[in-house]
Amino acid sequence: MTIDQMFSFGIIGAVIALLIWDRLRYDLVAMIALLAALAVGIVKPKEAFQGFSDDIVIIVGSALVVSAAVGRSGVVEAAMRPLAPRMRTVWAQVVVLTGAVTLLSAVVKNIGALAIFMPIALQIARRNGTPVSLLLMPMAFGSLLGGLMTLVGTSPNIIVSRVRAEMTGEPFAMFDFTPVGLVIAVTGVAFLAVGYRLLPQGRAAAAGPVFSIDDYTAEARLPIDSPFVGKTVADLEGFGEGEVTVAAVIREKHRRYVPSGHWVLYGNDILVLEADTQALADLVKRAGLRMMHEKELEGVENEADMAVAEGVVEPRSPLIGRSIEEVALRERHGVNLLALSRRGRPIRQRLRRVRLQPGDLVVLQGRAATLPDTLAGLGCLPLAARDLAIGRTPKRTIALAVLGVTVALVASGTVPVAIAFFGAAVAMTVLGVVTPKEAYDAIEWPILVLLGALIPVSETLRTTGGTELIASALSDAAQGLPPVGALALILMTAMAVTPFLNNAATVLVMAPIGASLAEHLGLRPDAFLMAVAVGAGCDFLTPIGHQCNTLVMGPGGYRFGDYWRLGLPLSIMVVVLGTAAIALFWPLVPR
């Protein structure tokens with residue numbers, strides 16, 4: 001092993017370790033890796049920033065803008081409206097919603113497709129009394145399956161296409177992924193239509209006019225004129241009909257006590273309450289409590305101007321890692337935080353000091369006219385049907401026309417993918433389907449930085465001969481296996497690595513290794529590149545391997561181990577069926 005190979009393996013190994021450690025943002029890890037590669041000389045200065053001009057960065061960024069435009073246009077809601085009254089049974093809801101998300105994910109980024117359908121699913125669950133935990137995880141998995149079907153459905157496909165272009169001079173086309181992806185997606189949706197029964201049913205239930213999630217934590221002050229001054233904690237909990245728990249009492253400004261039932265309540269006590277939103281709202285109103293963070297908002301003249309909304313903090317939210325104090329939510333954004341829920345776990349800190357995480361559920365109060373836009377700006381997905389007509393008329397026809405023309409141009413090969421989707425993003429903005437601010441907000445900048453910084457770093461594996469070393473080791477491991485066995489090996493390896501790395505980072509590392517393994521075995525590389533794309537796009541075992549899984553964790557009331565219930569059999573099915581489909585449509589043996 002040469003010195004350069006040792007440096008390359010060492011830097012990429014450090015990247016993997018830092019991402020598993022999860023204390024640094026993944027885009028920061030990528031930038032540190034790029035600087036390290038420059039420092040040891042395995043990346044030349046003139047090559048350092050070529051990754052940021054790569055077509056991958058343009059395609060991913062543009063596809064996110066197009067996804068946001070399709071969601072804002074309201075075309076999906078309009079298409080689903082006639083079907084909603086007919087979705088009475090849980091089976092019908094799972095099939096229709098999961099199937100719809102899967103189809104949309106083929107042409108819209110999968111995280112965007114899921115975000116579009118989640119409010120619809122929550123509304124349908126509330127209307128029919130369906131446990132939302134039975135709907136959201138199948139939809140998240142469906143969005144991953146749908147992304148396998150086209151070039152732009154998911155980032156791994158775009159990166160794999162680039163690797164093929166470097167190897168053969170010809171990238172994968174828009175629908176080269178469709179035969180394999182369609183087989184996996186159809187079979188996967190069929191499994192989810194039955195497999196949803198493996199999921200927990202009692203974690204989150206529909207209740208009340210606003211969709212409610214169990215175990216919100218809120219802080220309320222007991223006014224001195226409240227009838228419960230001088231009463232006990234048990235009296236207050238009994239008044240809440242056993243649906244509200246007084247988890248703590250804060251007195252003397254900062255001292256926090258865990259009370260027993262016989263504790264006497266005093267005026268100006270701050271009560272830490274745990275309940276779902278409906279029970280919480282009922283108790284606050286009937287007992288005359290005052291929500292701690294319910295402050296006067298600028299521009300609000302009467303109660304009719306106010307609105308309350310529940311939302312889930314998305315992985316791209318600017319709130320992540322910051323507290324309400326640091327964000328200055330009321331001063332800068334004009335909203336109050338009323339309650340917070342974190343995957344059923346109790347909150348042990350004062351709400352204003354809690355650092356928000358992806359998947360947290362928040363109850364926000366603000367001006368009715370601006371609350372939907374404020375939620376979007378804060379990166380919070382509303383957990384109710386959205387009124388897309390607020391502020392301007394949705395432009396459904398324009399959005400559909402632009403998307404249709406873009407797909408047609410890419411499919412026919414008339415225009416390169418990067419130019420077609422860049423043009424679509426510009427057209428959506430110029431024609432008013434999205435505003436420039438919404439377009440910029442839709443772009444996941446950390447992902448683009450990750451790609452731009454890691455592309456030259458991952459290239460060092462190839463330029464130093466590191467991929468040949470790894471491929472040789474995998475070739476030795478595959479000795480005695482038939483070609484299909486080697487294909488399954490690379491697919492499972494990519495699937496196993498993805499939960500610990502971002503899926504884009506997985507493909508940047510694994511795609512050259514897969515191609516080199518194919519050459520070592522005297523097989524065609526196309527099938528192995530497809531296997532890497534499928535493996536990297538199918539993390540069904542954890543809530544952290546893909547943003548779609550993270551997004552549904554809070555609203556669905558899921559715990560870490562719940563993903564294995566449904567994800568393990570689905571992963572086995574993908575390995576078996578995916579390997580067979582790839583071998584069928586992409587012959588392994590050279591002709």
Side-chain angles (χ1 to χ4, degrees), residues 59-73 75-77 79-80 94-121 135-161 172 174-193 314-316 381 399-400 403-404 406-407 410-411 417 421 424 442 444 447 498 503-504 507 530 533-540 545-552 566-567 570 574 578:
I59 295 170
V60 171
S62 299
L64 288 168
V65 174
V66 173
S67 299
V70 172
R72 183 71 188 184
S73 72
V75 65
V76 174
E77 285 82 355
M80 289 296 296
V94 172
V95 170
V96 174
L97 290 170
T98 304
V101 172
T102 302
L103 284 175
L104 187 61
S105 296
V107 291
V108 170
K109 286 287 290 181
N110 42 29
I111 184 71
L114 181 61
I116 289 169
F117 273 96
M118 272 184 64
I120 299 172
L135 302 180
L136 293 187
M137 192 183 293
M139 290 170 60
F141 289 174
S143 71
L144 301 185
L145 294 169
L148 303 177
M149 292 195 288
T150 64
L151 174 65
V152 297
T154 186
S155 300
N157 291 1
I158 299 170
I159 301 171
V160 160
S161 177
F172 285 120
M174 178 73 170
F175 295 108
D176 281 350
F177 298 87
T178 304
V180 172
L182 186 62
V183 169
I184 296 174
V186 170
T187 311
V189 171
F191 166 75
L192 293 171
E314 297 187 77
R316 64 179 183 85
L381 180 69
L400 274 180
L403 182 62
T406 302
V407 172
V410 173
V417 177
F421 272 83
E444 297 176 34
I447 290 289
T498 298
N503 58 2
V507 180
M530 281 284 172
V534 170
C538 292
D539 174 32
F540 305 120
H546 196 281
Q547 293 169 314
C548 291
N549 294 353
T550 305
L551 189 60
V552 301
L566 191 60
L570 183 58
V574 168

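These figures come from a predicted structure and were not determined experimentally.
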What are the two closest heavy atoms between [X] and [Y], and how far apart are they?
X      : Y      : value
Val152 : Ala106 : CG2-O, 4.2 Å
Val574 : Cys538 : CG1-SG, 4.0 Å
Ala113 : Val108 : N-CG1, 4.0 Å
Leu64  : Ala442 : CB-O, 3.6 Å
Gly537 : Leu148 : CA-CD2, 4.4 Å
Pro138 : Thr98  : O-CG2, 3.3 Å

Next on the checklist: Quick check against the 3.5 Å criterion: does Asn503 have a side-chain atom that pairs as donor or acceptor with the backbone of Pro156?
Outcome noted: no

From [atom1] ([X]) to [atom2] ([Y]), nearest 0.5 Å:
X      : Y      : atom1 : atom2 : value
Asn549 : Leu136 : CG    : CG    : 11.5 Å
Asn157 : Ile59  : CG    : CD1   : 11.0 Å
Leu151 : Phe172 : CG    : CZ    : 10.0 Å
Leu381 : Ile116 : CG    : CD1   : 10.0 Å

Considering residues at least two apart in sequence or located in another chain, which fulfil the side chain to side chain contact (heavy atoms under 4.5 Å, CB included) criterion with [X]?
X      : answer
Ala185 : Thr102, Leu145, Met149
Asn110 : Ser105, Ser143, Leu144, Thr154, His546, Cys548
Ala63  : Lys109, Phe421

Do the non-hydrogen side-chain atoms of [X] and [Y] ever get within less than 4.5 Å of each other?
X      : Y      : answer
Val70  : Val75  : yes
Met139 : Leu114 : yes
Thr406 : Val66  : no

Next on the checklist: Once side chain to side chain donor-acceptor pair (under 3.5 Å) is applied, what residue pairs with a partner in residues 176-192 remain, sequence neighbours excluded?
Outcome noted: none

Next on the checklist: Test side chain to side chain contact (heavy atoms under 4.5 Å, CB included) on Phe540 and Thr498; report intermediate values, then the result.
Outcome noted: CA-CA 10 Å; Phe540 305 120; Thr498 298; over 6 Å; no

Checklist entry - By ring-ring contact (aromatic ring centres under 6.0 Å, His included), which residues pair with Phe191, not counting sequence neighbours? => result none

Item to check | side chain to side chain contact (heavy atoms under 4.5 Å, CB included) between Met80 and Leu97, intermediate numbers included | outcome: CA-CA 9 Å; Met80 289 296 296; Leu97 290 170; 4.0 Å; yes

Item to check | Partner residues of Glu444 under the salt bridge (Lys or Arg N to Asp or Glu O under 4.0 Å) criterion, sequence neighbours left out | outcome: none

